[in-house]
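What follows is a structure written as structure tokens; I'll ask about it next.
Throughout, protein chains are lettered first and strands after them, A, B, ... in sequence-line order, and every chain is numbered starting at 1. Heavy atoms only: backbone and side chains are in, while hydrogens, waters and symmetry mates are out. Being a predicted model, the structure only gives us computed values, none of them experimental.
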Amino acid sequence: MTFLKVGLEHYLVLSGVLFVLGLLCVATRRNAVGVLMGVELILNAANVNFVAFSHYVTGGVGGHVFTVFVIMLAAAEAAVALAIVIALYQQYRSIAVDEADTMRQ
Amino acid sequence: MIFEGLTPGDFLFYALAGLILASAALVVLSRNILYSAFALLGTLLGVAGLYVYLAADFLAVVQVLVYVGGVLTLILFSVMMTSHIGDVKVSNQSAGLLWALPVAAVLATVLGYAAKSTPWLTLREPAANPTTARIGNAFLGDYLLPFEIASVLLLVALVGAVVLARHQVRGAEKRGAA
């Protein structure tokens with residue numbers, strides 16, 4: 001029963017399940033901020049993957065550097081996405097993603 | 001017999017993994033968006049703990065500072081600003097969860113199987129060294145150009161976010177006054 005001893009596969013399975021949960025959140029949420037939370041889950045799953053590979057396979061910091069880039073880009077993307085959500089709210093008075101369905105003003 | 005060869009660190013991993021997956025499930029399934037936001041806090045802190053366990057000390061601190069202190073605060077602000085102030089029970093229904101769950105289960109099984117059955121070439125003894133100096137050297141050495149581009153991108157994104165959120169307020173005021 002040595003599959004319980006923590007190795008690389010455990011981190012990959014964890015990040016896979018976290019990724020699928022984030023995908024579920026993006027696919028099924030009506031609230032725009034809920035969709036953004038799913039995107040954050042997906043990015044965190046990828047980060048866990050990077051760091052696990054960097055620890056178990058490479059031993060260097062390549063995975064860590066890429067994770068810092070992902071965190072930077074996630075922060076920038078969250079800022080822009082939430083600005084869009086606020087603009088959407090001011091236009092439609094609601095942030096349900098299926099209510100923003102017109103192409104004109 | 002099941003638990004032979006397990007160190008206390010392994011139980012820590014399982015505790016962190018349980019926290020992360022339970023919080024993520026709460027993010028997906030909760031009907032109240034404020035509960036989802038706080039469950040996201042649990043997930044992000046669990047991932048930071050996982051980074052500490054993986055000897056990624058710099059990343060754990062960056063995760064707490066930027067993700068929890070920045071992104072999560074932004075999300076909470078936007079939840080508060082886009083609902084009626086007195087009504088924090090913003091409804092957050094899920095559409096089509098019944099059809100999405102089997103697809104998600106299949107995808108998770110495929111990913112888990114791929115992770116388990118690939119013969120990964122792992123190091124015999126993963127080392128636990130401090131990483132901050134090495135990451136700093138990498139940023140100013142091998143990864144200098146992406147670092148500078150990411151800095152410019154951050155600046156552009158934040159200026160753009162201010163313009164996006166601001167311009168509409170002016171327009172709404174003009175339309176309200178007219």
Can you say whether B/Ala24 sits under 4.5 Å from chain A via the side chain, the backbone, both, or neither, judging by heavy atoms?
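Interface part for B/Ala24: both.
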
Heavy-atom pairs under 4.5 Å with chain A: which of B/Val156, B/Thr131, B/Val71, B/Leu123 has the most?
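Highest number of heavy-atom pairs under 4.5 Å: B/Leu123.
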
Proximal component of B/Tyr113, with respect to chain A [non-hydrogen, under 4.5 Å]
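No part of B/Tyr113 comes within 4.5 Å of chain A.
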
Please assess B/Leu59 against A/Ile71 for the test side chain to side chain contact (heavy atoms under 4.5 Å, CB included), listing each intermediate value before the final yes or no.
CA-CA 9 Å; B/Leu59 271 179; A/Ile71 291 178; 4.3 Å; yes

Establish, yes or no, whether a centroid distance under 6.0 Å links the rings of B/Phe13 and A/Tyr11.
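Yes, the ring centres sit under 6.0 Å apart.
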
Measuring from atom CG of A/Leu88 to atom CG of B/Leu164, what distance do you get when rounded to the nearest 0.5 angstrom?
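Rounded to the nearest 0.5 Å, the CG-CG separation comes out at 11.5 Å.
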
Quick check for you: among B/Ala55, B/Gly112, B/Ala104, which has the greatest number of heavy-atom pairs under 4.5 Å with chain A?
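Most heavy-atom pairs under 4.5 Å with chain A: B/Ala104.
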
A/Leu41 and B/Thr43, any side-chain heavy atoms less than 4.5 Å apart:
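Yes - at least one pair of side-chain heavy atoms lies under 4.5 Å apart.
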
Is chain A contacted by the side chain of B/Leu40, its backbone, both, or neither, given a heavy-atom distance below 4.5 Å?
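When you check distances to chain A, only side chain atoms of B/Leu40 fall under 4.5 Å.
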
Please check if B/Leu111 and A/Val48 belong to a single hydrophobic cluster, counting links between Ile, Leu, Val, Met, Phe, Trp and Tyr side chain heavy atoms closer than 4.5 Å.
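Hydrophobic grouping puts B/Leu111 with A/Val48.
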
With rounding to the nearest 0.5 angstrom, report the CG to NE2 distance, B/Asp10 to A/His10.
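So the CG of B/Asp10 and the NE2 of A/His10 are separated by 8.0 Å.
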
If you group Ile, Leu, Val, Met, Phe, Trp and Tyr by side-chain heavy-atom gaps below 4.5 Å, do B/Trp120 and A/Val17 land in one group?
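Yes: a chain of side-chain contacts under 4.5 Å links B/Trp120 to A/Val17.
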
Part of B/Phe58 lying under 4.5 Å from any heavy atom of chain A:
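For B/Phe58, side-chain heavy atoms alone lie under 4.5 Å from chain A.
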
A side-chain contact here means heavy atoms from C-beta on lying under 4.5 Å apart; do B/Leu97 and A/Leu24 qualify?
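Result yes, sub-4.5 Å side-chain heavy-atom pair found.
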
Segment of B/Leu74 engaging chain A (4.5 angstrom heavy-atom cut-off):
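When you check distances to chain A, atoms from both the backbone and side chain of B/Leu74 fall under 4.5 Å.
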
So with a 6.0 Å cut-off around CZ of A/Phe66, is the heavy-atom count from everything else above 12?
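It does not: A/Phe66 CZ has 12 such atoms or fewer within range.
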
Is the count of non-hydrogen atoms from other residues, nucleotides or ligands lying under 6.0 Å from B/Tyr14 atom OH greater than 12?
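It does: B/Tyr14 OH has more than 12 such atoms within range.
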
For B/Leu44, is it the side chain, the backbone, both, or neither that has a heavy atom closer than 4.5 Å to a heavy atom of chain A?
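Just its side chain gets close to chain A.
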
Linking I/L/V/M/F/W/Y whenever any side-chain heavy atoms sit under 4.5 Å apart, do B/Val62 and B/Leu41 land together?
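Yes, B/Val62 and B/Leu41 fall within the same hydrophobic cluster.
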
From B/Ile135 atom CD1 to A/His64 atom NE2, the distance as rounded to the nearest 0.5 Å
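With rounding to 0.5 Å, CD1 (B/Ile135) is 5.5 Å from NE2 (A/His64).
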
Measuring from A/Leu8:CG to B/Thr122:OG1, what's the distance to the nearest 0.5 Å?
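So the CG of A/Leu8 and the OG1 of B/Thr122 are separated by 7.0 Å.
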
Is there a side chain to side chain contact (heavy atoms under 4.5 Å, CB included) between A/Leu82 and B/Phe77 once you walk through the steps?
CA-CA 9 Å; A/Leu82 291 171; B/Phe77 262 112; over 6 Å; no

Contact summary for A/His55 and B/Ala127, nearest pair of heavy atoms
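Looks like NE2-O, 3.4 Å.
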
If you look at every heavy atom in B/Ala157 and A/Ala76, which pair is closest and at what distance?
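Result for this residue pair: CB-CB, 3.7 Å.
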
Which atoms of A/Leu18 approach chain B - backbone, side chain, both or neither, heavy atom under 4.5 Å:
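It is both, since atoms from each part get that close.
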
Determine the option with the most heavy-atom pairs under 4.5 angstrom with chain A, choosing from B/Leu101, B/Leu154, B/Thr7.
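If we count pairs closer than 4.5 Å to chain A, B/Leu154 comes out on top.
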
Considering all heavy atoms, the nearest B/Ser36-A/Arg29 contact
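Where B/Ser36 meets A/Arg29 most closely, the heavy atoms are OG-NH2, 3.1 Å.
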
Report the C-alpha separation of A/Val68 and B/Tyr143 in whole Å, then their side-chain angles, then the decisive distance to 0.1 Å, and conclude whether the side chain to side chain contact (heavy atoms under 4.5 Å, CB included) test is met.
CA-CA 11 Å; A/Val68 173; B/Tyr143 297 97; over 6 Å; no

Is A/Glu40 close to chain B through its backbone or its side chain, or both, or neither, when contacts mean heavy atoms under 4.5 Å?
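The answer is both parts of A/Glu40.
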
Just how far is it from atom OG1 of A/Thr67 to atom OH of B/Tyr51, taken to the nearest 0.5 Å?
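Spacing of OG1 (A/Thr67) from OH (B/Tyr51) equals 5.5 Å.
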
If you tally heavy-atom pairs under 4.5 Å against chain A, which of B/Ala114, B/Ala138, B/Ala115, B/Ser151 wins?
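The answer is B/Ala115.
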
Check whether any side-chain heavy atom of A/Thr28 sits under 4.5 Å from a side-chain heavy atom of B/Trp99, and report yes or no.
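A side-chain contact is absent here, since even the closest heavy-atom pair is not under 4.5 Å.
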
So which residue, B/Gly160, B/Ala25, B/Pro146, B/Ala17, ends up with the most heavy-atom pairs under 4.5 Å with chain A?
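The candidate making the most pairs under 4.5 Å is B/Pro146.
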
Between A/Met37 and B/Ile33, is any pair of side-chain heavy atoms under 4.5 Å apart?
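A side-chain contact under 4.5 Å exists here.
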
Neighbour count above 12 (heavy atom, 6.0 Å) for B/Leu140 CG:
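Yes, because the 6.0 Å sphere around CG of B/Leu140 holds more than 12 heavy atoms from other groups.
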
Which heavy atom of A/Cys25 sits nearest to which heavy atom of B/Val28, and what is that distance?
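That would be CB-CG2, 4.1 Å.
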
Is A/Ser15 in contact with chain B via its backbone, its side chain, both, or neither, using a 4.5 Å heavy-atom distance?
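Contact with chain B is absent: no heavy atom of A/Ser15 under 4.5 Å.
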
Do A/Val6 and B/Phe11 sit in one hydrophobic cluster, given that two such residues count as connected whenever their side-chain heavy atoms are within less than 4.5 Å of each other, even indirectly?
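Shared cluster, yes.
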
Most chain B-contacting option - heavy-atom pairs closer than 4.5 Å, from A/Asn44, A/Val33, A/Leu12, A/Leu14
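So the answer, after comparing A/Asn44, A/Val33, A/Leu12, A/Leu14, is A/Asn44.
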
Got a second to check how far B/Ile75's CD1 is from A/Leu36's CG, nearest 0.5 Å?
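Rounded to the nearest 0.5 Å, the CD1-CG separation comes out at 4.5 Å.
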
Can you tell me which portion of A/Leu21 sits under 4.5 Å from chain B's heavy atoms? Options are side chain, backbone, both or neither.
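Both backbone and side chain of A/Leu21 come within 4.5 Å of chain B.
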
Is there a path of hydrophobic side-chain contacts, each under 4.5 Å between heavy atoms of I, L, V, M, F, W or Y residues, that connects B/Val64 with B/Tyr67?
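Yes, B/Val64 and B/Tyr67 fall within the same hydrophobic cluster.
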
Test item: B/Phe147 and A/Val65 side chains (from C-beta on) under 4.5 Å apart, heavy atoms
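B/Phe147 vs A/Val65: side chains apart.
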
